[in-house]
Amino acid sequence: MSISHAPPDPVSDIPGISKSDDSAQAVEDPGAATRSAEPEPVPELVPIVPASTRRARVPRWLRRTSGPLALLALWQVLSTTGTLSADILASPGTIAGVGRDLLADGSLTSAMGVSLQRVAVGTLLGTLVGTSLALVAGLFRVGEDLVDASVQMLRTVPFVGLIPLFIIWFGIGEAPKVAIITLGVSFPLYLNVYAGIRGVDSQLIEAGESLGLSRWGLVRHVILPGALPGAMTGLRYSLGIAWLALVFAEQINADSGIGFLMVQARDFLRTDVIVVCLIVYAFLGLIADFIVRTLERLLLQWRPTFTGR
């Protein structure tokens with residue numbers, strides 16, 4: 001007598017199912033095993049593009065220029081219909097012709113060169129003065145006690161009101177004009193650089209000290225990079241103040257420059273020449289702002305920021 005140790009058939013133990021039925025199903029569908037062995041198709045992966053990087057239907061340069069172009073068209077329509085008198089404001093066509101004439105005789109070109117030189121020298125000196133004072137006041141507590149209070153008091157004094165005093169001190173040459181631009185540029189840079197230095201996270205300072213950075217290493221690798229965004233913002237604001245200061249400086253005791261052309265046009269009631277000079281001021285300021293924004297993109301590549309949606 002022998003005992004079988006074979007495991008029971010689970011199919012045969014289920015009522016109503018027999019091996020013969022299973023075998024018949026296998027015979028009826030011979031490709032079932034082949035189909036079950038085939039791999040399932042992999043779904044195609046579609047890259048997800050952020051909404052902020054999708055290409056707009058209307059180009060951005062067209063959207064940015066649509067506002068000025070619409071304003072220019074409205075101006076031309078009002079001038080053509082007579083709603084806007086030529087004595088009050090000349091038409092865009094007239095202003096374009098006057099600007100072409102001023103460029104042809106060289107008066108506008110020479111005036112732009114003189115004005116650019118004054119702004120460049122004043123901005124350079126103002127940047128050196130404002131940044132130096134901000135570094136002294138921002139990096140050292142003693143420097144803050146000695147510098148900050150004096151700068152805050154001088155900042156509240158209107159720099160335009162100092163023009164007569166500068167004329168008495170420096171005469172009527174180029175020195176008072178450059179000095180007023182330097183003064184106007186210094187204060188915005190000082191405030192933004194100082195705020196940028198004091199706005200650096202103290203935990204970053206502690207992390208740098210724990211890594212063994214010296215005082216100069218902290219300033220170079222932690223504090224100055226942290227203050228750079230504020231410095232670039234201050235530089236953009238300072239350039240706007242520089243052109244504003246130039247307008248006031250060139251209208252007082254000036255014999256050259258864009259402001260001098262505006263004074264002459266005012267004496268002869270030439271609104272077209274005045275508008276041409278204002279447009280030149282606007283374009284020069286726009287170019288200066290574009291240069292600073294380009295520097296900002298190059299120097300602040302390490303800082304990801306929100307660019308709008």
Side-chain angles (χ1 to χ4, degrees), residues 56 58-76 89-103 106-127 130 159-160 177-178 180-182 184-189 192 228-251 254 256-263 265 271-301 305 307-308:
V58 180
R60 189 177 182 185
W61 65 267
L62 183 58
R63 289 182 298 174
R64 291 177 66 91
T65 56
S66 60
L69 290 177
L71 182 61
L72 187 63
L74 178 62
W75 181 8
Q76 181 64 44
L89 186 62
S91 64
T94 303
I95 291 173
V98 172
R100 183 170 57 252
D101 295 338
L102 291 176
L103 287 173
S107 57
L108 185 59
T109 305
S110 61
M112 288 173 57
V114 173
S115 298
L116 282 173
Q117 182 179 358
R118 290 168 179 165
V119 170
V121 175
T123 302
L124 179 60
L125 294 177
T127 301
F159 64 89
V160 179
K177 302 176 182 60
V178 174
I180 200 67
I181 297 173
T182 301
V185 169
S186 300
F187 294 128
L189 266 175
N192 285 273
L228 188 58
M232 300 306 295
T233 302
L235 183 59
R236 291 181 64 184
Y237 185 65
S238 297
L239 285 174
I241 298 296
W243 291 107
L244 178 62
L246 178 68
V247 172
F248 289 103
E250 287 187 337
Q251 292 185 7
S256 61
I258 302 176
F260 175 68
L261 291 180
M262 293 181 65
V263 172
T271 59
D272 48 2
V273 177
I274 294 176
V275 175
V276 169
C277 295
L278 293 176
I279 292 175
V280 171
Y281 274 130
F283 271 100
L284 291 178
L286 185 64
I287 292 173
D289 184 75
F290 173 75
I291 294 174
V292 177
R293 293 179 67 178
T294 303
L295 289 176
E296 190 175 78
R297 285 194 297 267
L298 293 176
L299 297 177
L300 300 180
Q301 294 180 356
T305 56
T307 58

Engineer: For D101, what residues pass the salt bridge (Lys or Arg N to Asp or Glu O under 4.0 Å) criterion, not counting sequence neighbours?
Structural biologist: none
Engineer: Do T123 side-chain atoms and A120 backbone N/O form a donor-acceptor pair below 3.5 Å?
Structural biologist: no
Engineer: Could you tell me whether a side-chain N or O of T182 sits under 3.5 Å from a main-chain N or O of L125, the two making a donor and an acceptor?
Structural biologist: no
Engineer: Output the distance between atom CE (M112) and atom CG (L103), rounded to the nearest 0.5 Å.
Structural biologist: 7.5 Å
Engineer: Out of curiosity, L102 CG to S107 OG, how far, rounded to the nearest 0.5 Å?
Structural biologist: 4.5 Å
Engineer: Going through the checks in order, is the side chain to side chain contact (heavy atoms under 4.5 Å, CB included) test met by V247 and Y281?
Structural biologist: CA-CA 9 Å; V247 172; Y281 274 130; 3.7 Å; yes
Engineer: For L239 and I291, run side chain to side chain contact (heavy atoms under 4.5 Å, CB included): C-alpha distance rounded to whole Å, both residues' side-chain angles, the deciding distance at 0.1 Å, then the answer.
Structural biologist: CA-CA 11 Å; L239 285 174; I291 294 174; over 6 Å; no
Engineer: Which heavy-atom pair separates G234 from S238 by the least distance, and what is that distance?
Structural biologist: O-OG, 2.7 Å
Engineer: So, for A265 and I274, which heavy atoms are closest and what is the spacing to 0.1 Å?
Structural biologist: CB-CG1, 3.6 Å
Engineer: If we only count heavy atoms from C-beta on, is the T127 to L189 side-chain gap below 4.5 Å?
Structural biologist: yes
Engineer: Going by the side-chain contact (heavy atoms from CB on, under 4.5 Å) test, name the single residue among L278, V273, V276, V275 that passes it with M262.
Structural biologist: L278
Engineer: Taking all heavy atoms of A90 and all of I95, pick out the closest pair and write down the distance.
Structural biologist: O-CD1, 3.7 Å
Engineer: Could you tell me the separation between the CG atom of L235 and the CG atom of N192, rounded to the nearest 0.5 Å?
Structural biologist: 10.0 Å
Engineer: Check Y237 against P188 and note the closest heavy-atom contact, atom names and distance.
Structural biologist: CD2-CB, 3.3 Å
Engineer: Who pairs with V263 by side-chain contact (heavy atoms from CB on, under 4.5 Å), at least two apart in sequence or on another chain?
Structural biologist: Q251, R266, D267
Engineer: Between M232 and V292, what is the shortest heavy-atom contact and its length?
Structural biologist: CE-O, 3.8 Å
Engineer: What's the separation between atom CD1 in I279 and atom CG in L286, rounded to the nearest 0.5 Å?
Structural biologist: 13.0 Å
Engineer: What pair of heavy atoms forms the shortest contact from S91 to W75, and how long is it?
Structural biologist: CA-NE1, 4.3 Å
Engineer: Look up atom OG1 in T65 and atom CG in L72, then write down how far apart they are to the nearest 0.5 Å.
Structural biologist: 11.5 Å
Engineer: As an exercise, state the distance from CD of E250 to NZ of K177, rounded to the nearest 0.5 Å.
Structural biologist: 8.0 Å
Engineer: Step through the shown structure and confirm whether more than 12 heavy atoms of other residues, nucleotides or ligands are within 6.0 Å of CD on Q76.
Structural biologist: yes
